[in-house]
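What follows is a set of notes on a single structure, which appears directly below.
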2 protein chains.
Amino acid sequence: MKRKVRIKDIADKAGVSTGTVDRVLHKRGNVSEAVRKRVLEVVEELGYERNLLASALAYNRIIPIVAVLPDPTKDPYWEQLNKGVEHGLKVVKHYGMSVSFYYFDYSEPKSFERVAEEALATQPAGMLFPPMFAQEANKVIRVCDEGGTPYVFINTNFATGTPLSYIGQDSMQSGVLGARLLDFGLSPGQTACILSLDYSTKAAQHLKDKEQGFRSYFEEIGNKEVQIIRHNFEAFDDDQQLADFLNDLLRQHPSLSGFFITNSRAHKAIDALSQIGATQVKLVGFDLIDKNINYLRANKIDFLINQNPMEQGFQGIVSLFKHLILKEKVKPVQYLPLDIVVKENTDYYLKREPAFQLVG
Amino acid sequence: MKRKVRIKDIADKAGVSTGTVDRVLHKRGNVSEAVRKRVLEVVEELGYERNLLASALAYNRIIPIVAVLPDPTKDPYWEQLNKGVEHGLKVVKHYGMSVSFYYFDYSEPKSFERVAEEALATQPAGMLFPPMFAQEANKVIRVCDEGGTPYVFINTNFATGTPLSYIGQDSMQSGVLGARLLDFGLSPGQTACILSLDYSTKAAQHLKDKEQGFRSYFEEIGNKEVQIIRHNFEAFDDDQQLADFLNDLLRQHPSLSGFFITNSRAHKAIDALSQIGATQVKLVGFDLIDKNINYLRANKIDFLINQNPMEQGFQGIVSLFKHLILKEKVKPVQYLPLDIVVKENTDYYLKREPAFQLVG
DNA sequence: AATAATTCCGTGTGCGCACACAGTTTTATG
DNA sequence: CATAAAACTGTGTGCGCACACGGAATTATT
C-alpha cells in the first residue's frame, strides 16, 4: 500500500513550493506557463488526488443552501422528501454546507413565490425546489439565473430554466410500469381504468405523462384484449360522491376489473370501492403513504409504485454538494428507481434509512 | 448558524486542557472522576459532536480490511457484489481504510479455506466473506474469534459464529414475495411449480427457506385454488434433458402455468420451455444477470427478484467502517430490499450506481 | 540607469483533532 | 519526613490542505 501523494510530494518533485502547486491546482493564476505545465505533469505522473478531508477542513467556511419545499407537516409524501433532505444535511454539514428550510403551502402558488424570494434574499450558494407552479417557478428561475445561483429541480420537472439537475421520477415510464403490473393480473376481455383523482385545473404534466405511458404499454404489445378507459374525478374528498361515481362506472363497464390511480389517492378509491362492495378489482397506485400501506397490507391494493421521495431529497442535497464542494459534474437528469411495492416487501422500503452517506 | 463546538470550547468551559477532554472522550483513563464528570457534563451541555474530518485526518493510520469473495470473473452475480465492495473502498479510503481482495473458486470449498487463511495471515482489522461452506466457514470463524478480528457475513447467513453483521436477503421472505407475484398472475384452478435447478447435495438452507416462504404464502391466504408442486432437477446444464423433463411435467400437469425458479437459473428454464413451445407460462426468478435480463426484456420472464448484490458489497464495507472508524453500533442483521424487477424498471436497477457515499 | 509596476513564487498560519511527552500533584513506601 | 511510585494534567506537534502575506525576479516607465 503505497502512501498517498500529497501536495508536498508534487512540490518537491517539480522543484517548486507547495504554494505554487496550490495555485496551479486551484487555477489562481500568477504562475508562469512553464512552471504550470511542469506541475501538471507531475500531478499526472504521481496520480495525485486531493485529500477531501484535509481540503474541507482547511477550507473552513460555510456554504449556505436553501431548500424550498411544501410544508412537510401537511402531507406525508413531502414529509418523506423533507426527511431525505435532512439526512443529506447530516452528511454534508461536515464539509461546511448548511441547509436552511423554507416551507410553502402547496395549494398556494403565491406562497411558493413569496417563500422562494425570501430564501433567495439570503444569497444562498445553491437552491433546491420543486417547480410545481409554472408561472411562479419561472420568476424564481429568472432570479436564480440572474444571480448565478445554481438550482436543482426536485420531484417535478420543468421545461424552462437550466437546472443543475432534475431529480425525480420518469413519469411516462411509471405509467408504462403501472400498465405492465395491471396487465399481469388481468385476463383477456377485461377492462382497465385510468383514474385521476385530482383537480383537472391543476392537471399537471406529469399526470398526463403517466396516462400516456400507461396507454403506450398496451399499444406496444398490441394487446387489444384489454380495453382501457379513462376518467377524471374531482370531488374525491367526498366519499359518497366518489362511491356513487364508481358504482355507476362499474355498472356501465361490467368487465371493469382493474384501476390505475395516477397519484397517491389510491386509498380514496379503496374506501369507495369497499363501500359499494367491489372488492375483487385489481388496483395499482402510487406512493408509500400510511393509508395506502394499510390497504396494501389488507390485500386491497395490489401494487404501489414508490417514487422514492426520501431518496429524492437526499440526492438533491448530494447533487448540490457534488457541484459546490467536490466540483464534480452532475448529471442533468437523475431518474430514481421506480420501486414496485407489494405487501411482502413493504417493510424494506419503509424502514430503509437513507443509510447511504457520503464523500466522493 | 452558531459555530460548531470544538474540543477547545469544551476544555475552556470545563476549565481543563484539550488533552484532558481528549482523554475523557477516548476513555483513555488517567482522569480523575470529578474532572471526567465535569467534562462529560459540558460535552452534553454544548452538544459536542466530533468533527469526523479532522478526526480522521489526525488519526493518520491505515486500517486494513480483507474481502474474501468468489472469483468475480467467473460469475456475474459475484461480479456485481465485488463492484459494490470496490465502491465502498473508494468511499472509505479517505478515512484510512484499505481493502485487499482475496478470490476463491466458489465450486471449491478448500480453495475458500486456503484463501481465507492467506487473508487472515495478513492480520487484518476486519474481514468480509460469504460463509458458503459450513465446515470451512467454521474454521475461519474460529480463527477470527480467537484473534478478535471482527467479520461480516455477506450474502449467505450462517448459524455459527458471532459476526458483526449479516448483510443479505431474507430468504424466507423472498419466497413469500415470489408466491405473491406468481399468484397475482394465476387464475383459480391453475398449478404453480417450485423448481430448483441446483445440485441437491448442495441444497443450501437459503433455497429451502425460499421454498418454505413460497408455500407459506399460499397457506396463509388459505387459497386452495392454486395447487403447488415442487421439483428438483440436477442436470440443468444439459438443455435437452431439461427440456424433456419439463415436457413431461407439463404433460402430467395440464394446469401447470407458473414457475418459481429459486436461484438465478431462470434463463435455463426459459431455454427449455421455448424449445418445447411452452411460451405461455408465467415465470418468477431471481437475480439481474444478463441472460435473465434478456428474457425479461423479451417478455419471457415476468418478474425477477433482485437480491442487490452490489448494495450488499457496499454495505458490507460500510458496516466495517462504522464499526472500526465511526465506532458506531452496527445492526447484526441487515436485510436488503427485495426489489421487484420487470422489463419496465430494469434499467434503474442496472444503472444504479451505489452512488451513495459516506460520512456518518 | 533608476525607479515603479507587474508578475511570479515561497513561507507561515490555522482548520479540529489524536497522540506523545513532559510536567505536576497526589498517594504509597521506607 | 524524605523519597519513590503512581495518578493525573498541560503543552506541543503533525495530519494535508487553503489561503494571506510578503519577498524576489522580471518587465515597464520615466
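In what follows, chains are A, B, ... by sequence order, proteins preceding strands, each numbered from 1. No hydrogens, no waters, no symmetry mates; every other heavy atom, side chains included, goes into these values. The structure displayed is predicted, hence computed values, not measured ones.
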First of A:Glu33 and B:Ser55 reached from the 5' end of DNA chain C, by closest nucleotide: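 Counting from the 5' end, the first nearest nucleotide belongs to A:Glu33.
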Heavy atoms of other groups near B:Gln123 CD, more than 12 under 6.0 Å: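 Counting other residues, nucleotides and ligands, CD of B:Gln123 stays at 12 neighbours or fewer.
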Whole-Å distance separating the CG atom of B:Asp22 from the C1' atom of D:dC8: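 About 14 Å, once rounded to whole Å.
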Distance, rounded to the nearest Å, where B:Lys8 contributes NZ and D:dG10 contributes P: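 Between P of D:dG10 and NZ of B:Lys8: 12 Å.
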Parallel, tilted or perpendicular, as decided by the 30° and 60° cut-offs, for the rings of B:Phe314 and B:His87: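 Correct class here is tilted.
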A:Phe104 and A:Phe112 aromatic ring geometry - parallel, tilted or perpendicular at 30°/60° bounds: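 It falls in the perpendicular class, over 60°.
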Sugar-phosphate, base or nothing in reach of A:Asn51, heavy atoms under 4.0 Å: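 Counting heavy atoms under 4.0 Å across all strands, the contact made by A:Asn51 is with sugar-phosphate only.
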Sugar-phosphate, base or nothing in reach of B:Arg36, heavy atoms under 4.0 Å: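 Nothing, no heavy atom under 4.0 Å.
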Side-chain N,O (B:Thr18) to OP1/OP2 (D:dT11) below 4.0 Å: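 So the side chain of B:Thr18 is outside the cut-off, no N or O lying under 4.0 Å from OP1 or OP2 of D:dT11.
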Phosphate contact (D:dA7 OP1 or OP2) by B:Ser32 side-chain N/O below 4.0 Å: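 No, no such contact exists.
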Six-ring centre of A:Tyr59, A:Arg61 cation under 6.0 angstrom, axis tolerance 45°: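 Relative to the ring axis of A:Tyr59, which defines the angle, A:Arg61 lies inside both limits.
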Span of DNA chain C, from the first to the last nucleotide whose atoms fall under 4.0 Å of chain A heavy atoms: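 Contact boundaries, 5' end first: C:dC8 to C:dG16.
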Pair A:Asp347-B:Tyr335, side-chain donor/acceptor within less than 3.5 Å: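 On atom types as modelled, these side chains do not qualify, holding no pair under 3.5 Å.
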